[in-house]
*Asks:* 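Sharing a structure below in structure tokens format, with a few things to ask.
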Number of protein chains: 2
Amino acid sequence: MTDLLSQRGDMDANETQPNIAPGGKRDRLIGAAKTLFYQRGVEQTSLADIAGAADIALGNVYYHFRTKDALVEAVIAAHGKDILDSLAHLNAESDPRARLRAYVRGGLKHQTQLARYGCPYGTLCAELDKSGGSAAQSASTLFNLYLEWLERQFRELARPDAAELALETLAAVQGAYVITQATHSPQHLERQVARLDRWLAELEGGAA
Amino acid sequence: MTDLLSQRGDMDANETQPNIAPGGKRDRLIGAAKTLFYQRGVEQTSLADIAGAADIALGNVYYHFRTKDALVEAVIAAHGKDILDSLAHLNAESDPRARLRAYVRGGLKHQTQLARYGCPYGTLCAELDKSGGSAAQSASTLFNLYLEWLERQFRELARPDAAELALETLAAVQGAYVITQATHSPQHLERQVARLDRWLAELEGGAA
DNA sequence: GTCTATACGCCGATAGAC
DNA sequence: GTCTATCGGCGTATAGAC
């Protein structure tokens with residue numbers, strides 16, 4: 001999980017400088033794959049679909065990624081970067097309680113997508129886990145990014161049970177996403193988010 | 001959702017009495033499919049896998065189910081029956097609070113499986129939802145069975161917010177399952193279940 | 001009803017021209 | 001680096017003997 005974000009896939013094989021420009025193509029492939037994997041699932045998305053969405057010839061995909069699995073890993077790494085970016089954004093909030101409340105309310109921004117396709121990370125983890133490949137382990141690290149951040153916030157609230165609260169919070173959010181997708185009801189998400197926001201607002205714990 | 005459990009698949013086409021014996025073969029196919037769909041996912045499970053696990057020739061599968069989708073629907077119906085059975089079992093508890101607590105503790109019986117493959121119904125719903133087929137709608141009815149039962153229990157506890165509490169409970173349980181699978185940690189499930197059990201024990205509400 | 005054999009299409013991956 | 005063409009394998013579904 002340490003070098004999850006520093007790795008650039010599997011390009012730098014043995015050449016000193018394979019290509020200076022990181023190339024829009026590689027990023028376009030990852031972006032298209034990220035979207036399609038999320039909407040249709042990994043197994044239901046063919047490399048031809050991804051290449052088409054990224055306007056790249058099918059055979060050329062293999063220049064950037066040796067196998068489909070390598071592309072999956074790159075998408076996971078891109079998700080990790082997205083998560084770190086959003087957490088950095090949350091850190092701009094004034095105090096830990098405000099950060100936590102902004103975190104749970106953040107799901108409302110993707111209400112429609114969540115109701116259709118569920119949580120991008122949760123559903124990806126669940127699918128890869130059943131496939132049994134090595135990518136499952138990489139995907140589970142995405143949750144750890146959230147857990148560590150959550151635990152830090154609760155510690156700053158001087159809560160001795162910070163680790164417990166972090167798990168409880170993540171579980172509550174994930175549960176809300178699951179029933180939101182299953183029922184296709186964005187209203188359910190609003191209700192659960194409002195409840196969690198209230199819970200955090202009333203949670204005991206002084207600022208550090 | 002009404003006739004989810006009464007349908008027997010798509011056998012009774014136009015024959016008066018196609019076959020008296022419901023046949024162990026059909027049930028064996030459904031049982032094998034239920035297990036494999038759960039462990040590997042629907043898309044990753046081929047009909048050859050299922051036929052092999054059920055000791056039935058591949059071509060013969062199509063005598064019992066016109067398409068793979070029909071088999072998926074039959075598995076969903078079987079899940080519905082399992083759920084109703086387990087709920088009927090819970091109804092043997094003396095009072096609604098005891099029934100609710102027995103429900104959340106029930107997950108501990110499948111701790112190992114949950115840590116490996118997640119919730120059988122939740123992961124199935126999530127996968128089918130992305131595939132876009134008609135089976136997704138059928139799968140979502142499984143959650144409704146739980147929601148209706150949960151709401152009934154909270155109503156018997158004289159809670160005016162019974163529907164809200166039902167959603168909250170189901171979301172909490174599903175969230176616990178998601179992080180249990182993602183972290184492969186049965187201990188996390190124990191922790192969350194214990195917390196929910198305590199919450200239910202201390203929840204205000206008199207017996208009806 | 002149950003089986004074997006096979007049609008047909010799609011997908012991951014490769015070869016090789018440019 | 002990028003493209004076209006294609007191989008090999010697998011999966012759903014069907015045909016037809018028994």
Side-chain angles (χ1 to χ4, degrees), chain A residues 8-30 32-33 36-37 40-75 127-128 131-135, chain B residues 8-30 32-33 36-37 40-75 127-128 131-135:
Chain A
R8 293 217 338 240
D10 47 346
M11 293 200 55
D12 39 14
N14 41 15
E15 289 284 342
T16 52
Q17 289 288 86
N19 58 345
I20 295 293
K25 304 225 171 173
R26 183 188 158 89
D27 291 336
R28 248 159 50 215
L29 279 172
I30 293 176
L36 290 173
F37 285 168
R40 306 183 193 172
V42 175
E43 214 63 36
Q44 282 276 2
T45 303
S46 72
L47 292 177
D49 293 332
I50 297 168
D55 252 310
I56 288 173
L58 171 59
N60 199 14
V61 173
Y62 290 90
Y63 171 77
H64 297 281
F65 303 96
R66 280 190 191 76
T67 64
K68 188 180 181 181
D69 263 5
L71 180 51
V72 171
E73 294 276 4
V75 167
E127 181 182 358
L128 293 180
S131 299
S134 60
Chain B
R8 291 217 338 241
D10 47 347
M11 292 202 57
D12 40 13
N14 41 15
E15 290 283 345
T16 54
Q17 289 289 84
N19 57 346
I20 294 296
K25 303 224 172 173
R26 185 190 157 87
D27 290 337
R28 248 159 51 214
L29 280 172
I30 294 176
L36 290 173
F37 286 168
R40 306 183 193 173
V42 175
E43 215 62 36
Q44 282 275 4
T45 303
S46 72
L47 292 178
D49 293 333
I50 298 167
D55 252 310
I56 288 173
L58 171 59
N60 199 15
V61 174
Y62 290 89
Y63 172 78
H64 297 281
F65 303 97
R66 282 193 192 79
T67 64
K68 186 180 181 180
D69 263 6
L71 179 52
V72 171
E73 294 277 5
V75 167
E127 181 182 358
L128 294 180
S131 299
S134 60

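Computed from a prediction, not measured in an experiment: that's the story for all the values here. Every chain is numbered from 1 and lettered A, B, ... according to where its sequence line falls, protein lines coming before strand lines.
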*Asks:* Which nucleotide in the list dA13(D), dT2(D), dG11(D) gets nearest to the side chain of Leu47(B)?
*Replies:*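 Closest of the options to the side chain of Leu47(B): dA13(D).
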
*Asks:* As a test of reading the structure: which of dT2(C), dC3(C), dT12(D) is closest to the side chain of Ala57(B), going by heavy atoms?
*Replies:*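 Nearest to the side-chain atoms of Ala57(B), counting from C-beta on, is dC3(C).
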
*Asks:* In whole angstroms, how far is the P atom of dC11(C) from the CG atom of Leu58(A)?
*Replies:*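 Going from Leu58(A) (CG) to dC11(C) (P), I get 10 Å.
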
*Asks:* Whole-Å distance between dC18(C) C1' and Asn60(A) CG?
*Replies:*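 Checked: the CG to C1' distance equals 13 Å.
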
*Asks:* Counting distance only, does the side-chain N/O of Asp27(A) pair as donor-acceptor with the main-chain N or O of Gly24(A) below 3.5 Å?
*Replies:*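 No; zero donor-acceptor contacts below 3.5 Å.
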
*Asks:* Please state how far atom NZ in Lys25(B) lies from atom P in dG1(C), giving the value in whole angstrom units.
*Replies:*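 Taking NZ of Lys25(B) and P of dG1(C), I get 11 Å after rounding.
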
*Asks:* Leu71(A) CG to dG12(C) C1': how many Å, rounded?
*Replies:*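 Rounding to the nearest Å, CG of Leu71(A) and C1' of dG12(C) are 12 Å apart.
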
*Asks:* To the nearest 0.5 Å, tell me how far Thr67(B) OG1 sits from Leu47(B) CG.
*Replies:*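 It is 9.0 Å, given to the nearest 0.5 Å.
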
*Asks:* For the CG atom of Leu71(A) and the CZ atom of Phe37(A), what is their distance to the nearest 0.5 Å?
*Replies:*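 Leu71(A) CG to Phe37(A) CZ: 4.5 Å, rounded to 0.5 Å.
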
*Asks:* Under 4.0 Å from OP1 or OP2 of dT2(D): is there any side-chain N or O of Tyr63(A) that close?
*Replies:*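 Negative; the distance criterion is not met.
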
*Asks:* To the side chain of Tyr62(B), which of dC3(C), dA13(D), dC11(C) is closest?
*Replies:*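 Among dC3(C), dA13(D), dC11(C), the one nearest the side chain of Tyr62(B) is dA13(D).
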
*Asks:* Between atom CD in Glu43(B) and atom P in dC11(C), what is the gap in whole Å?
*Replies:*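 It is 11 Å, rounded to the nearest whole Å.
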
*Asks:* Between the side chain of Glu43(B) and the main-chain N/O of Val42(A), is any donor-acceptor distance below 3.5 Å?
*Replies:*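 A pair under 3.5 Å: no.
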
*Asks:* Answer yes or no: is there a donor N or O on one side and an acceptor on the other, between the side chain of Arg40(B) and the main chain of Thr45(B), under 3.5 Å?
*Replies:*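 No, because the side chain of Arg40(B) does not come within donor-acceptor range (under 3.5 Å) of the backbone of Thr45(B).
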
*Asks:* Among dC3(D), dA13(C), dT12(D), which is the nearest nucleotide to the side chain of Ile56(A)?
*Replies:*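 The answer is dC3(D).
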
*Asks:* Mind calculating the distance between CZ (Arg28(B)) and P (dT2(C)) to the nearest angstrom?
*Replies:*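 Distance, rounded to whole Å: 9 Å.
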
*Asks:* Taking OP1 and OP2 of dT2(D), is either one under 4.0 Å from a side-chain nitrogen or oxygen of His64(A)?
*Replies:*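 Affirmative; the distance criterion is met.
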
*Asks:* Over how many whole Å does the gap from Gln44(A) atom CD to dG12(C) atom P extend?
*Replies:*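 Distance, rounded to whole Å: 11 Å.
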
*Asks:* Output the rounded distance in Å from CG (Asp49(B)) to P (dG11(D)).
*Replies:*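 So the CG-P distance, Asp49(B) to dG11(D), works out to 6 Å.
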
*Asks:* For the side chain of Lys68(A), starting at C-beta, report the closest nucleotide among dG11(D), dA13(C), dA13(D).
*Replies:*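 Nearest to the side-chain atoms of Lys68(A), counting from C-beta on, is dA13(C).
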
